[in-house]
Asks: 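Dropping the structure in here first, questions after.
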Amino acid sequence: MRLNDDVRHVVILGGGSAGWLTAALLAREHHAGDPGGLTVTLIESPNTPPIGVGEGTWPSMRDTLRRIGLPESTLFRDCDASFKQGSHFQGWMRGATAAEGDHYRHPFTLPLGFGDVDLVAGWLQRHGDRPFAEVVSAQPHVCAAGHAPKQASTPEYAAVANYGYHFDAVKFGVELRKHAVANLHVRHVLDDVDLVLSHDDGDIAALRTRQHGDVTGDLFIDCSGLASVLIGQHFGVGSRSQKHLLFNDTALALQVPYATPDAPIAPETISTAQPAGWTWDIGLPTRRGIGHVYSSAHLSHDEAVQQLHAYIRRTGGPRDLAEPRRIAFDPGYRERFWHRNCVAVGLSAGFVEPLEASALALVELSAAMISDEMPATRAEMALVERRFNDTFTYRWERVVDFLKLHYALSRRDDSDYWRDHRDRASLPDRLANLLTLWRHRAPYRQDFYRVEEVFPAASYQYVLHGMGFLPEPSARMRHPSVGDAAEPYFRETAHLARRMLGALPLQRALVDHIRAHGLPRA
Ligand SMILES: Cc1cc2nc3c(=O)[nH]c(=O)nc-3n(C[C@H](O)[C@H](O)[C@H](O)COP(=O)(O)OP(=O)(O)OC[C@H]3O[C@@H](n4cnc5c(N)ncnc54)[C@H](O)[C@@H]3O)c2cc1C
């Protein structure tokens, strides 16, 4: 491509969640189908289905879906969606049960007063005998009681308590495709790409398909999943392995029916620590999606299946269980995400593990940055390439830090897996330094200074203090005025929790209502 060539045609390789979300956003925001608008083509193999997992999202998904114009009611009716208000961690501290007190919640809503007063110091002074999250946020109370985060009269995408979604990943992909093709003018090519054709300077010129000839373009987005056809296979951009920090490399996934069709739907992802990994448990209206993520260096496949089956039986699932689907991955992310006229989004860019559901959030952030900074010419692309690589290297590093926090603070001693996680050599330096600072003060905004952090300082507080991390308060933290300043927020939170419990419907009741009647349009 020549430097002054305009960028007019974006070609996306891959029709999983990453490909369709990116295609829809670019088409919507760059007026695909209008004269002078961007042309957006998505090529998807008819022979390689999308990975079909990835059922938990962050609240950012509400903004993304609103941005692409997909009605929220569609999500509930056609993608089996339910509300996700955060994560409920069980057994992470000592390997005991939730009933024995080994559990904590990481809700999506920021604590009331966060950033205004030192809530951690106030909690330690006045309410240190109660779980941190329950003192600073109403949402754990809403989740514990199984309530939804809004009412039937709350318009689409609006919230009473902050929420993302659980949904069926395969159905989500289908709805995104229908919307992108029918309403947003995305050109869909159902074919396999066998060859990448290059310009003399090394830029990609076209993708050769089996039935549809060569598809030329100006910018190529690699959404080809773990195969990483363009950025990995074609350009040879390496992956930065994170296996020395985050050991999990295998997942087992199963879909499990409810005992009765009207069983409650959990309004949060239930993450239960296991001897060499953890299980996820996601409640959809029609079934549960359950999986076991573990380190194959610490656990055999057969033991992992047994532990998954034991979890399902213990939590009310059927006795007769199928063999789970096995997915192997190498935790890591690309050395560069944007290279020449190619940018990777989704699994082709990296994947570390499903804990805290950061993968789709990174897809959303990637698609948004490509859309916001869409280069007008090839010359501009080099500038955007540097900015994108810098931003996403920072984001992946922070994701790794945040996930590692969950393991590093555990006091479980029932396996090498947990002991290895506490080894200083397996702790990223930046996280180790922050943990030292947090001994005497709470995480705050300046520790995470980018405008759009994947995980804000409040999330660190929820996990740190949920895991039982107790700071040794500095003189400033011990001063009574700090407790005085925080106390009104704690009172208001308790009041809010009572009001929400009185006004919000149960998750099952609201989800069933939306599936039958929809939500008021915004
Ligand atoms: C066990 C597990 C659990 C997860 N849980 C979560 C979660 O709870 N929350 C979350 O946010 N994320 C989660 N993720 C990640 C999430 O699944 C992915 O980020 C998301 O599905 C996006 O995948 P993708 O579109 O990049 O790749 P895929 O879905 O794999 O799509 C790849 C596409 O590329 C196409 N393709 C590949 N090669 C070619 C070719 N040569 N020619 C034509 N087409 C080609 C395929 O046909 C397919 O359409 C999880 C991942 C795993 C492994």
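Atom set for the values below is all heavy atoms of this structure, side chains included, hydrogens, waters and symmetry mates excluded. When a ligand or atom number is given, it counts from 1 through the structure's own listing order.
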Asks: Answer with yes or no after comparing the ring centroid distance for Phe455 and Trp58 against a 6.0 Å cut-off, counting only values under it.
Replies: yes
Asks: In this structure, does ligand 1 have an atom that sits under 4.0 Å from one of the heavy atoms of Ala253?
Replies: no
Asks: Which residue pairs pass the side-chain hydrogen bond (donor to acceptor under 3.5 Å, both in side chains) test with at least one member in residues 161-174, sequence neighbours excluded?
Replies: Arg62-Asn162, Glu72-Tyr163, Glu72-Tyr165, Asp80-Lys171, Lys150-Tyr163, His166-Thr269, Asp168-Arg287
Asks: Number the atoms of ligand 1 from 1 as they appear, then name those within less than 4.0 Å of a heavy atom of Ser17, with their elements.
Replies: 21 (O), 25 (O)
Asks: Give a yes/no verdict on whether any heavy atom in Cys223 is under 4.0 Å from an atom of ligand 1.
Replies: yes
Asks: Starting at CD1 of Ile51, measure out to CZ of Arg325 and round the result to the nearest 0.5 Å.
Replies: 6.0 Å
Asks: Students should be able to answer this: which protein heavy-atom is nearest to atom 2 (C) of ligand 1, and at what distance?
Replies: Val53 CG2, 3.6 Å
Asks: What do you reckon, does Trp20 put a non-hydrogen atom under 4.0 Å from ligand 1?
Replies: no
Asks: Taking the inter-plane angle between the rings of Trp92 and Phe89 on a 0 to 90° scale, is it parallel (under 30°), tilted (30 to 60°) or perpendicular (over 60°)?
Replies: perpendicular
Asks: Could you tell me the residue and atom name of the protein heavy atom closest to atom 12 (N) of ligand 1, and the distance to it rounded to 0.1 Å?
Replies: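 It is Ala359 CB, 3.3 Å.
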Asks: For Val181, check side chain to side chain contact (heavy atoms under 4.5 Å, CB included) against everything at least two apart and list the hits.
Replies: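 Once residues adjacent in sequence are excluded, the partners of Val181 under the side chain to side chain contact (heavy atoms under 4.5 Å, CB included) criterion are Trp20, Arg177, His188.
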Asks: Heavy atoms only: which of Val193, Thr48, Val352 lies closest to atom 41 (N) of ligand 1?
Replies: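 When every heavy atom of Val193, Thr48, Val352 is considered, Val193 comes closest to atom 41 (N) of ligand 1.
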Asks: Distance alone, cut at 3.5 Å: any donor-acceptor contact between the side chains of Arg334 and Ser228?
Replies: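 Result is yes, a qualifying pair exists.
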Asks: Polar-atom distance check: Ala251 versus ligand 1, any N or O pair below 3.5 Å?
Replies: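 No; the residue has no nitrogen or oxygen that sits under 3.5 Å from a nitrogen or oxygen of the ligand.
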Asks: Gly14 heavy atoms, cut-off 4.0 Å: which ligand 1 atoms fall inside?
Replies: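 So the atoms of ligand 1 that pass are 33 (C), 34 (O), 35 (C), 49 (O).
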Asks: Quick one: which ligand 1 atoms are inside 4.0 Å of a heavy atom on Gly225?
Replies: 27 (O), 30 (O), 32 (C)
Asks: Strictly under 6.0 Å, is that where the ring centroids of Phe247 and His298 end up?
Replies: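 Yes, close enough.
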Asks: Looking only at protein heavy atoms, identify the closest one to atom 37 (C) of ligand 1 and say how far it is in Å.
Replies: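 Going atom by atom, the protein heavy atom closest to atom 37 (C) of ligand 1 ends up being Ser224 O, 3.5 Å.
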Asks: Identify, by atom number and element, the atoms of ligand 1 in contact range of Phe351, meaning under 4.0 Å from any of its heavy atoms.
Replies: 14 (N), 15 (C), 50 (C), 51 (C), 52 (C), 53 (C)
Asks: Below 4.0 angstrom from a heavy atom of Glu55, which ligand 1 atoms are there? Numbered from 1 as shown, please.
Replies: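 So the answer, numbered in order with elements, is 7 (C), 8 (O).
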Asks: Do the rings of His421 and Tyr407 sit parallel, tilted or perpendicular, given the 30° and 60° boundaries?
Replies: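 Parallel.
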Asks: To which of Gly54, Ser45, Gly289, Pro50 does the heavy atom nearest atom 5 (N) of ligand 1 belong?
Replies: Gly54
Asks: At less than 4.0 angstrom from any non-hydrogen atom of Trp280, what atoms of ligand 1 do you find?
Replies: 1 (C)
Asks: Assess the side chains of Thr41 and His9: does a donor N or O sit below 3.5 Å from an acceptor N or O?
Replies: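 Distance-only check passes for Thr41 and His9.
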Asks: Do any heavy atoms of Val363 fall under 4.0 Å from ligand 1?
Replies: no
Asks: Below 30° counts as parallel, above 60° as perpendicular, anything between as tilted: where do the rings of Tyr460 and Phe448 land?
Replies: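 Aromatic pair Tyr460/Phe448 classed parallel.
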Asks: Considering the heavy atoms of Gly346, write down every atom of ligand 1 situated less than 4.0 Å from one of them.
Replies: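 Those of ligand 1 that fall under 4.0 Å from Gly346 are 26 (O).
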Asks: As a check for students: among Ile43, Val345, Val229, identify the option with a heavy atom nearest to atom 39 (C) of ligand 1.
Replies: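 Minimum heavy-atom distance to atom 39 (C) of ligand 1 goes to Val229.
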Asks: Please identify which atoms of ligand 1 are closer than 4.0 Å to at least one heavy atom of Leu13.
Replies: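 Listed by number with element, the hits are 42 (N), 43 (C), 44 (N).
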Asks: Can a donor-acceptor pair be found between the side chains of Glu175 and Thr74 at a distance below 3.5 Å?
Replies: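 Not at all, the side chains of Glu175 and Thr74 share no donor-acceptor pair under 3.5 Å.
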Asks: Does Arg314 make a cation-pi contact with Tyr311 (under 6.0 Å, within 45 degrees of the axis)?
Replies: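 No cation-pi geometry.
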Asks: What do you reckon, does Asp191 put a non-hydrogen atom under 4.0 Å from ligand 1?
Replies: yes
Asks: Determine, considering heavy atoms only, which of Gly52, Ala18, Gly164 sits nearest to atom 24 (P) of ligand 1.
Replies: Ala18
Asks: Does an N or O from Ile327, backbone or side chain, lie closer than 3.5 Å to an N or O of ligand 1?
Replies: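 No, Ile327 has no N/O under 3.5 Å of an N/O on ligand 1.
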Asks: Nearest to atom 10 (C) of ligand 1, what protein heavy atom do you find, and at what distance?
Replies: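 It is Gly56 O, 3.5 Å.
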Asks: With no hydrogens and no angle check, do the side chains of Ser295 and Lys243 hold a donor and an acceptor under 3.5 Å apart?
Replies: no
